[in-house]
Amino acid sequence: MANGKLMRAAGWTAIALAGASALGGIALHRGETINALWFVVAAVCTYLLGYRFYSGWIAARVCRLDATRATPAERLDNGRDFMPTHRSIVFGHHFAAIAGAGPLIGPTLAAQFGYLPGTLWLLVGAVLAGCVQDMLVLFCSTRRDGRSLAHLARDELGRFGASAATIGTLFIMIILMAVLALVVVKAMAHSPWSTSTVFATIPIAIVVGIYLRHVRPGRVMEATAIGVALLLGAVAAGGWVDSHPAVRAWFDLDARALAWFVIVYGLVAAILPVWLLLAPRDYLSTFIKLGVVFLLAIAICVLQPDVRMPAFTRFIDGTGPIFSGTLFPFLFITLACGAISGFHALVASGTTPKLIARETDVRMVGYGSMALESFVAIMALIAACVLDPGVYFAINTAAGVVGGDPVTATATITSWGFPVEPAQMEALAASMGEATLYGRTGGAPSLAVGMAHIFGSAFGEGLFAIWYHFAIMFEAIFILTVLDAGTRVGRFMVQDALGSLWAPLGRTSWYPSVWIASILVCAGWGYFLYIGVIDPNGGINILWPLFGMANQMLAAIALAVVTAIFVKSGRLRHAWVPGAPLAWLVTVTSVAAWQKIFSDDPRMGFFAAARDLADKLAAGMLSPERAAVAPKLIFNQQLDGWLTVVLLIIVWTIVIDMARGCWKHVSGRRPARDTEAPYVATQLS
Amino acid sequence: MRSLHARWQILWSALRTLTGDDAYDRYVRHVHARHPGTPPLDRQAFYAAELDRRWEQVNRCC
């Protein structure tokens, strides 16, 4: 017994030492390159320590998880949505639900600051904030019959808090869908190979959907095997399309045409029955996503690539070409999902709490899934940083920033201290089977180049083009799922709101109402997508910070709800566990929003940018094609500015509302009202 | 020592559970165990109901 204890202590000491030396090595290293394995070791040790000690302490002392207490899955068991499920399956479902494109794209963009800031915040943020948020929301919802975040907000903060949570959710979904759609469109523009592969995923999903519904109902593995084989075939077939000039021309589309295609697609997909397109594509994307994450981890360990990005770049001063803003607060806004994501609170108070068989599983499912998600973000960061920094900036910087032709673009980037040659870019594009890689903003192409580099070197040279397009297809397939699922959920929320104006509009199966609500949602994200496409500066520069702020704001709402619950349920002493990340998030989002509203720098402030563009337009300083889109861009910058104002107001009203409620409770002016479901002993063995 | 076949069985059933391939079998077992007397849905109806339930809420993140 004592021997085992000693062994365990020695084991954890070794993990702590390994993690500390890896982190120290990364932070203090000042050579030309650094081996990526250091990042993997530092990350894994940090998550293990965070899980073992911090989440263990939260589970035992803060939440006081009780394995004898029956969970909603057991008490309300209906064999359908409420159903006690083994914790590794709940973990798998929860991870599949929270893992999306955000942790892949955020770190890729944030690499413009160098590898160190991103790595540190992904680790610290996940362990102390992101994982904690997911676990605590899951805990609060599990103790309250699996209620949703909006429901919890209504119970704890009142009607206003609930409306703010709902508006915040709808807003973040609209911006999220716009920015993700922009990422896919940018990756497909004038790339026949990518476009034909992504188009092919649609009929493939339909074939799988029909198989699952009518041929062999529910045989997920067979259907997935067929679908994955067809998808790999589609990636290879894309190469054939690319090499035949006549066929190639059909798929050689510009960004505007693709934007319209994606908008119409999103609308149709949200209205079609789920079994036909959404569900089968989701199966395929989930398996491919998990497979790629697993493969990438193995490839990084096998290949041990060198990270070429410096620890810090000069762009921490706020002059970055990919997005503007200084390290604080924009590193945190940009990384968003890989460290802490407000969206997770919706899943952690949605399907997951209804499946938890034992209250103690909350720790592994909530804290553990987010740690894994953060690890995915670390791998995306590695994939961005193994590229030559010059190449990374050439791919990710919009033509409007560095100039449209290769010679000017490479000269500008070289003058920043990141040498790159036109010949190098040309050879790289040729090896990836693309006409050009300049100005492919949005993060997906540079991630795909990084992944192709890692996979190609680890599992066989010469297949770079295949790996590149596989990576693009991999990103596109689950981004399309998010568009489709997001439009659908947005539709339900809009229908719910419209239903309070006129009851028939609230009926989810009444076709006119379905169409009206779906068109409203698609028009919402379609608008931002279209503006992003016509913006010569790439659009990501505007949309990603807006998305990051909205996401972090939603996390702040979730943490405010948890803090209120803690104060009112006798956990005042530990209210800092959700309260400290909450204070941090409110600070970060407020500073970022303030700068976006009031900055005089047109690269930074929305209103400043609108004024700057209006002045240039009036002075006739814009080229004809820029002058043609300028009025739309001016309107959009002003709209973004006002939306940021609304975000800021929502966050502060919720926080003040929460603080007031807690103060009333602490000072004894409002009696305690327990919202927890009463204790029932579990019958499960 | 477990035989190779037994190990494969364990791996296979874990894989089926994780992918949701055996969702219907688990559902039927569950109905028999917890709600005896209630006839379970058939395979196709169960699949359709599952999808509706799953996709009427936020199920996928950023």
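It should be emphasised that the depicted structure is a prediction, and the values quoted were computed from it without experimental measurement.
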Has [X] got a side-chain atom pairing as donor or acceptor with [Y]'s backbone, closer than 3.5 angstrom?
{"X": "B:Tyr47", "Y": "A:His214", "result": "no"}
{"X": "A:Thr286", "Y": "A:Asp282", "result": "yes"}
{"X": "A:Ser141", "Y": "A:Val137", "result": "no"}
{"X": "A:Glu373", "Y": "A:Pro103", "result": "no"}
{"X": "A:Ser369", "Y": "A:Gly366", "result": "no"}
{"X": "A:Gln552", "Y": "A:Ile340", "result": "yes"}
{"X": "B:Asp21", "Y": "A:Met221", "result": "yes"}

| request: Considering only heavy atoms, give the residues of residues 341-351 of chain A separated from chain B by less than 4.5 Å, sorted numerically, with 'none' for an empty result. | output: A:Ser341, A:Phe343, A:His344, A:Leu346, A:Val347, A:Gly350, A:Thr351
| Who in residues 269-277 of chain A is close to chain B, using a strict under-4.5 Å heavy-atom cut-off? | A:Val274, A:Trp275
For [X], is it the side chain, the backbone, both, or neither that has a heavy atom closer than 4.5 Å to a heavy atom of chain B?
{"X": "A:Phe91", "result": "neither"}
{"X": "A:Val489", "result": "side chain"}
{"X": "A:Ile479", "result": "neither"}
{"X": "A:Met83", "result": "side chain"}
{"X": "A:Phe287", "result": "side chain"}
{"X": "A:Ala101", "result": "backbone"}

| query | Does any heavy atom of chain A fall under 4.5 Å from the side chain of B:Ala49, the backbone, both, or neither of them? | reply | both
| said: Can you tell me which portion of B:Leu15 sits under 4.5 Å from chain A's heavy atoms? Options are side chain, backbone, both or neither. | reply: both
Establish, from distance only, whether the side-chain atoms of [X] and [Y] form a donor-acceptor pair under 3.5 Å.
{"X": "B:Tyr27", "Y": "B:Glu50", "answer": "no"}
{"X": "A:Ser88", "Y": "A:His86", "answer": "yes"}
{"X": "B:Ser3", "Y": "B:Trp8", "answer": "no"}

| query | Do you know which two heavy atoms are closest between A:Ser285 and A:Thr481, and how far apart they sit? | reply | OG-OG1, 3.7 Å
| request: Verify the neighbour count for atom CD1 of B:Ile10: are there more than 12 heavy atoms of other residues, nucleotides or ligands below 6.0 Å? | output: yes
| query | Applying salt bridge (charged side-chain N to carboxylate O under 4.0 Å, His left out), which residue pairs with at least one partner in residues 23-41 of chain B are found, sequence neighbours left out? | reply | A:Asp77-B:Arg34, B:Arg16-B:Asp25, B:Asp22-B:Arg26, B:Asp25-B:Arg43
| salt bridge (charged side-chain N to carboxylate O under 4.0 Å, His left out) contacts in which one or both residues fall within residues 479-488 of chain A, not counting sequence neighbours | A:Arg281-A:Asp484
| field | Pick from A:Ala223, A:Gly100, A:Gly490 with the largest number of heavy-atom pairs that fall under 4.5 Å of chain B | value | A:Gly100
| Between A:Ile98, A:Thr85, A:Leu180, which residue shows the highest count of heavy-atom pairs closer than 4.5 Å to chain B? | A:Ile98
